[in-house]
Amino acid sequence: RLNYLLREQKGYTYGAWAQFNNERDFGVFSGASNVRGDATVAALQDMLGVFASAGEGFDAQDVQKAHSQSFTDEVGAAATRSALADAFAERAGDGLRPDGWGKELELTMTATASDMQALGKRFMSPESLTVVLAGDLDTLLPALDGADLTPFGDYTIVEPLP
């Protein structure tokens, strides 16, 4: 949804992505894109909107895309002996069983639209995200001031140290 909206519908970027990275005791959701400078705030609003819709209905096409991407990612993670060794070492470091990888992929590949919706409702909270924007502050700050980001909660701008 994210890449389709930002790239194909809006033309802000060549690509956008979002993913969950889960560890044994915690998980992180992240998303990113390199967008045109004049589209930074509009793209941010669109990204937050996509994240906010994660608990809403998914259709068969969404499920198929998710299955396909998960399978592609896992094949890539096992593409070489080195990559496979890294994957097993990471699992061991997280205290996970090495044979759990196949079971996790099996569960992922059998996820349904209602499973995806339940996970989205449980784990997506756009009002509690940390957003990092990189760009020209003289351009970004006025655009942020003029943007309606209130549906996503309050925000604080923290400028980087020189």
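Along the sequence shown, the residues carry numbers beginning at 1. The analysis underlying the following values was restricted to heavy atoms, covering all of them including side chains, and did not include hydrogens, waters or symmetry mates. None of these values were measured; they are calculated from a predicted model.
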Practice item. Heavy atoms only: give me the nearest Tyr14-Arg7 pair and the separation to one decimal. Key: O-NH1, 2.6 Å

Review point. Are Met124 and Tyr4 connected in a single hydrophobic cluster, I mean Ile/Leu/Val/Met/Phe/Trp/Tyr linked by side-chain heavy atoms less than 4.5 Å apart?
Key: no

Point to revise | Backbone N/O of Gln64 and side chain of Ser68: donor-acceptor pair under 3.5 Å | key: no

Review point. Are more than 12 heavy atoms from other residues, nucleotides or ligands located less than 6.0 Å from atom CG of Asp73?
Key: yes

Please tabulate, for the side chains in residues 129-144, all donor-acceptor contacts under 3.5 angstrom to protein atoms that are two or more places apart in sequence or on a different chain.
| residue | atom | partner | partner atom | Å |
| --- | --- | --- | --- | --- |
| Asp136 | OD1 | Asp138 | N | 3.3 |
| Asp136 | OD2 | Thr139 | OG1 | 2.9 |

Could you list the donor-acceptor pairs under 3.5 angstrom formed between side-chain atoms of residues 50-60 and any protein atom two or more places apart in sequence or on another chain?
| residue | atom | partner | partner atom | Å |
| --- | --- | --- | --- | --- |
| Ser53 | OG | Val50 | O | 2.8 |
| Asp59 | OD1 | Gln61 | N | 3.0 |
| Asp59 | OD1 | Asp62 | N | 2.8 |

Point to revise | Backbone of Ala16 reached by a side-chain donor or acceptor of Asn3 within 3.5 Å | key: yes

Exercise for review: Please name the pair of heavy atoms, one in Glu74 and one in Leu105, separated by the smallest distance, quoted to 0.1 Å.
Suggested key: CG-CD1, 3.6 Å

Point to revise | Exercise: do Ser70 and Thr108 side chains pair donor with acceptor under 3.5 Å | key: no

Revision key, fill the gap. Nearest heavy-atom contact between Met47 and Gly31 is CE-C, 4.1 Å

Review point. Is there a path from Leu119 to Trp17 through hydrophobic residues (I, L, V, M, F, W, Y) whose side chains come within less than 4.5 Å of each other?
Key: no

Review point. Going hydrophobic residue to hydrophobic residue with side-chain gaps under 4.5 angstrom, can you get from Leu2 over to Phe123?
Key: yes

Review point. Can we say Arg97 and Glu104 salt-bridge, meaning some charged N sits less than 4.0 Å from an Asp/Glu carboxylate O?
Key: no

Practice item. State, with a plain yes or no, whether a side-chain heavy atom of Gln19 is found less than 4.5 Å away from one of Phe29. Key: no

Point to revise | Smallest separation among heavy atoms of Ala147 and Gln45, with atom names | key: CB-NE2, 3.8 Å

**Study point:** Exam field: side chain Thr13 to backbone Leu6, donor-acceptor pair closer than 3.5 Å
**Key:** no

Practice item. Just grab all the ring pair (Phe, Tyr, Trp, His ring centres under 6.0 Å) pairs involving residues 76-99, residues at least two apart or on different chains. Key: Phe88-Trp101

Check your understanding: For the residue pair Ala87 and Ala77, what are the closest heavy atoms and their distance?
Key -> CB-O, 4.5 Å

Sequence neighbours excluded and cut-off under 3.5 Å, please list the side-chain donor-acceptor pairs for residues 35-44, or say none.
| residue | atom | partner | partner atom | Å |
| --- | --- | --- | --- | --- |
| Arg36 | NE | Asp38 | OD1 | 3.0 |
| Arg36 | NH1 | Gly11 | O | 2.8 |
| Thr40 | OG1 | Gly37 | O | 3.1 |

**Study point:** side chain to side chain donor-acceptor pair (under 3.5 Å) partners for Asp115, two or more places apart
**Key:** Thr112

Study note, to complete from the structure: Lys10 meets the side chain to side chain contact (heavy atoms under 4.5 Å, CB included) criterion, sequence neighbours left out, with Leu5, Tyr12, Asp46

